[in-house]
Every structure is written in C-alpha cells, then in structure tokens.
Amino acid sequence: MRRFFPSGLSYRKNIRIKIIAFFLIMVLSITMTLAYILYQQSYKAVTSKASETAYQTVSQSSKYIDVVKFITLTSPEDENTDYYKKERDNLIKIREITGARHIFTLRKTSDGKFMYVVDGSPEGELSHIGDTEESALCYEQSWSGIPYTDEKLNFVEGWGIYISSYYPIKDSQGTVVGIMGADFDAESIYNEMEHFKKVCLLILVIFTGIITFAGFLFSDKISRSIKRSSDFAKELAEFNLQNSISTKELRKTDEFGILAKSLENIRDNFQTLIGKINSSSSQVALTSNQLTAASTHSARAAEEVSHTIHEIAARAEGQMESTMEGALKTTQLGNIIDNNLSLANHINSAITVVTESINDGLKEMDNLSEITAESNNANKKIYDLVTKTNESSNQISAASSLISSIALQTRLLALNASVEAARAGQAGKGFSVVASEIKKLAALSAGSSKNIEEIVSDLQINAANAVDIMERIKSITTEQTHRVENSRATYQAINQAMEKSKNASQQLNDTGKEMYDMKNTILALLENLTHIAKQNSQAAGDVNKSMEEEAGALEEIAASSDLLSQLAKDLHDMILEFKI
C-alpha cells in the first residue's frame, strides 16, 4: 500500500497528489454532469410522455360531451338524470382505459370560481355538481380556449403526485362552456425516477472508485518518470555532469522519453561546452602572457626609439649652432667682399698712386689669401654639417621605419587579440576593448611614423640641395683663390705692366660683384638651413612626446593583459565547479 499511498504526501511537493486530484476533479465533474443531463433528459422524456397521454385523454374525452345537455346540469339534483349517469359512465370507462386517477368536467361560475359538473372519479373521491375550486392558472387558460398540460410533476398534500391536463369544451359557435380535466397518478413515475437517481449515484460512486484507482496507477507511472527527470535536472543545476539518466527513460517514445533525451543532450552539450570553454580559457591565458611579453618588448623598443630621438634632437641643435656660425662667417666674408669692391672702385681713380700702394696691396692680398683660406675652411665645415644633417635624416628615416614596423606588429597583435576576444564570447568583452585600444595606438603610431617620414623626406631633399649649393660654393671659392693668386702675381708685375693694371682692376671689380651676389645667396641658404634645423629639433621633440605617450599606452596594455590573465584564471576556477 505504501506504493500507492506514500507517507508524507504534500499537494504542493508531490506531483502524484496533483495528478490524482486532477483526475478526481475531472472525472467527478464529467460524471456528475453526464448523470445530471441523463436524469434531466429521462425526467423530461417520462413527463412529456405522461403529459401527452393526459392531453390526448382530455382532448378525446371532450368530443363525447353533449354540449347542449351539458350546460343544463346546474345542481346536485341533476345527478339523477339519465344524461348525467350516462356521461359519468363514459368518463369512468375512459378513466379505466387510460389509467387516469381522476377525470372530470368544470364550469366557471359568476363569482369567478370553477364548479364541478360531471365527475368520473372513483366513489370515494367523487365531486358533485356545485362543488367548487378556487381559480387557478390552468383553469383560466383552458377557459380562455387554450388547452393546458403540466410539464412537470405536481406535489399536492393529501392527493400525492400527479400530472394534469385541461381541455376547453366549446359549443357550435366556438364558445367555451366547460373544461374537461384529467389527473394522472405520477407517483410510480416519481418512484422510478428516484430509483434511477439512486442507480446513477451508485454508478457514479463505482466509476469514481475505478477512476481513482486507475489514477493512482497512472499517476505512479507518470510521477516516477517526472521524478527521475527532476532529479537529473537537479543534478544538472548543481553542476554535476557525471551521472546519466536511466536507459529505461531514454527508451520511451512518449513525451517523457523526449524530455529524458533532451536532458541527456543538455548534459552532453554542457560537457562539450565546458571542455571548449576550458580550452578557450587556457588559450586566453596563453594569449594574455604573449600580449604581456609583446607589450614589454614594445615598451623597450619605445624606450630605444625615444633615446634615438633624443640623440637626433641633440644633433639637430648642434647642426643649428654650426649653421648660425657659418652664417656669421659668411657675413664677415661679405664685409670683406664689400671692401674689395670699394678698393677696386678706387683703383681706377688712384692708378697714379698704384706704385706707392704696391706694398700695401701686397699686404692686402696676403689678408685676402688668409680670408680666402678661412672661407674655404668655413665652406668645408658647412659641407660637413650638411653631410651630417643628411646622415641624421637617414637615421631618422631608419627610426621611422622601426616605428612603422612596431606599429604593424602592434596592429597584428590587436587583430589577434580581437579574434581571441570574439572566441571567448561574453568573457572576452574586456579583452576586446583592450584589443581595440591597442589597434588605435597602432594606428596613431603608424600616422606619426608617416609624418616623420614626410619630414625626413623634406629634410633629405633640402640637404641634397644644400650639398649641391656647397659644391657650387666650393667651386666659386676655388676660383676665388685662383683669382687671388692671379691678383698677387699682378701686383708683383705692376711695376713691369702698369698698363695691364686697369684690366686687372676691372676684372677684380667684376669678380667682387659676383662674390657679393654669391655672399647673399650663401646667407639665404644658411638661413634656410637654420630654419630646417629648428624644424628638425621641433619634430624630434614631437616624436619623443609621441613615443612617451606610446610607452604609457603600452604600460596600460600590460596592465590590461594582467587583468585578462586574472579573468582567464577566474574563468578556469568557475569551470572547475562543474563535475564532469
């Protein structure tokens, strides 16, 4: 019995109780409804048949009434007439044939009551002419010319249970002169209906017992399957993936079998998913370590680039100082050239005193030689500075290429990190943000590298132009030196070729003008070199600032990679909570 009635049953906790209660409520509702409908239909069928019999009895009996003589019966003395006796005998025969309990005729009196006329009832229940009944709905309806028949059983104390029917008696003009009534005993019908009711109740009780017992059997079968499935689902909720649902449940082809197979598939899918997540967490941890190493390497590279930029800036400052010094020397050379022009202009007017001034001229030529030598040295220094500038620009270009390579590697790392973050799903959202920031930093580094390459390209072009100009200056200086040597020879030969002095003086004047123009050109070039040197120094500062920012960003990347590593560890710890 414990199998069907387990101890500690609770409606809220035990599904068997719910199923049994549901079956009982459903079965009782259906059977009671069916029993009620069956009883009502049986009651209606029986009463309808009895009512139809009563109606047929009174309608047929009214045809045997002689209306002319019927209206003459007004007092009890008329009961001795042959007509009364004949009509009573007819009604008695009709009563006996139809099985009616009473059959009688009525007539309405002047005071609104209804008086008995011919009564075919048994002797003990006979009503005489003049006996009256109070007005009733059934009497009034029939007196109005509309037949009346009961649709249900009537209970009258002292008379019992019966069904009545009333039919109007009309004369030849259609005027109602009386009522034919009949009462049929319905107590047997009532007793049959009560017996039928008891049988229905007995069938209801038996049927309820059978359904209850079947409900216990059926609920036990259902509840066992549900309990197995719920226990297995509880183990899944507790992260226990070691057990499997029973093969008996898996072999079922109904909804419980589908539920068992679905739970088994959930367990298998959980195991597969946990394995993939565990593998992904290990991969995330490995990638985090690689990212940390890469960010550390990038930080070191950024420090090296920053150091190189510092050196470039220092060299640019030295280049600017050398260029300014060259400009100063060139200004001094210009002053000397101006003096030479002034002297050449006075030669024509002072040709007469040339002889006296030969010694002074020789001294001036010696000074001019020294100045020319200094100019050659200054030009050589400028040429060396321009060459160094070109080399510095090449170094900047190499550093820019290194930055571009670092930016490309950083971008590849960001792309790899985005892919790994996408694989990690929800857990990789933070890592995806870090990868996005790394990608932005790589883009900024690539942009800065491109700007440096453009500046270096301009610097190399300007340096090449400066080299060409310095080559030209060197050629001019060489020519100037040759001219000075010729001038010295001319001065030594003044005593022998005084006539040639004017021509030499004119040539010196022309050469002085050319040197004056060259001096202005050299000053413009030096000013341009000074401006370029300032730009180089400023660009080096900007690059240094960018590298410092990149170094800070790489530090943030390293911190984020540490956080990602911690997240991977936490994910792995959560996976260990599953029992596989």
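Numbering of residues begins at 1 and proceeds along the displayed sequence. Side chains included, hydrogens not; waters and symmetry mates left out as well; all remaining heavy atoms used.
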Are Thr74 and Arg107 packed together at the side-chain level, in the sense that at least one heavy-atom pair is separated by less than 4.5 angstrom? yes
Closest heavy-atom pair, Glu87 versus Asp66, reported as atoms and distance to 0.1 Å, is OE2-N, 3.9 Å
What's the spacing between Leu73 CG and Thr81 OG1 if we round to 0.5 Å? 5.5 Å
Are Met180 and Leu91 close enough that some pair of their side-chain heavy atoms sits under 4.5 Å apart? yes
Quick check: do Ser142 and Pro147 have side-chain heavy atoms less than 4.5 Å from each other? no
Closest approach of Ser165 to Thr149 (non-hydrogen atoms, all atoms of both residues): OG-OG1, 3.0 Å
Sub-4.5 Å side-chain heavy-atom contact between Ile206 and Leu202: yes
Pair Leu126, Glu123 - check side-chain contact (heavy atoms from CB on, under 4.5 Å), show working. CA-CA 5 Å; Leu126 177 65; Glu123 289 294 336; 4.2 Å; yes
Any side-chain to backbone donor/acceptor pair from Glu140 onto Ser135? Under 3.5 Å, distance only. no
Using modelled atom types and a 3.5 Å cut-off, is there a donor and acceptor pairing between side-chain atoms of Asp119 and backbone atoms of Ser127? yes
Straight-line distance of Met115 CE to Lys108 NZ, nearest 0.5 Å: 13.5 Å
Over all heavy atoms of both residues, which pair between Phe70 and Val177 is shortest? Give the atoms and the distance, please. CE2-O, 3.7 Å
Verify, without hydrogens or angle tests, whether Thr105 (side chain) and Val118 (backbone) share a donor-acceptor contact under 3.5 angstrom. yes
Tyr139 and Phe114 aromatic ring geometry - parallel, tilted or perpendicular at 30°/60° bounds: tilted
Salt-bridged, Glu134 to Lys113, with N to O below 4.0 Å? yes
Would one find more than 12 heavy atoms of other residues, nucleotides or ligands at under 6.0 Å from atom CG of Asp111? yes
Sole candidate of Val58, Thr57, Ile146 that passes side chain to side chain contact (heavy atoms under 4.5 Å, CB included) when paired with Tyr167: Val58
Please check if the side chain of Asp131 supplies one atom and the backbone of His128 the other of a donor-acceptor pair under 3.5 Å. yes
Check whether any side-chain N or O of Ser59 sits under 3.5 Å from a backbone N or O of Tyr55 as a donor-acceptor pair, and report yes or no. yes
Between Ile129 and Pro76 the two heavy atoms that sit nearest each other are O-CG, 3.2 Å
Checking Ser75 against Glu77: is there a side-chain donor and acceptor pair closer than 3.5 Å? yes
Give me the atom names and distance for the closest heavy-atom approach of Tyr84 to Asp78. CB-O, 3.3 Å
Mark yes or no for whether Asp150, through its side chain, and Ser164, through its backbone, hold a donor-acceptor pair below 3.5 Å. yes
Rounding to 0.5 Å, atoms CD1 (Ile169) and OG (Ser62) come to a distance of 6.5 Å
Which value, rounded to the nearest 0.5 Å, describes the distance between Ile71 atom CD1 and Ile65 atom CD1? 13.0 Å
About how many Å separate CD1 of Ile97 and OG of Ser61, when rounded to the nearest 0.5 Å? 9.5 Å
Going by heavy atoms in the side chains, are Ile92 and Arg95 under 4.5 Å from each other? yes
Atom pair CZ (Phe104) and CD (Glu133), whose distance is rounded to the nearest 0.5 Å: 8.0 Å
For Lys170 and Gly145 the tightest heavy-atom approach is NZ-O, 3.9 Å
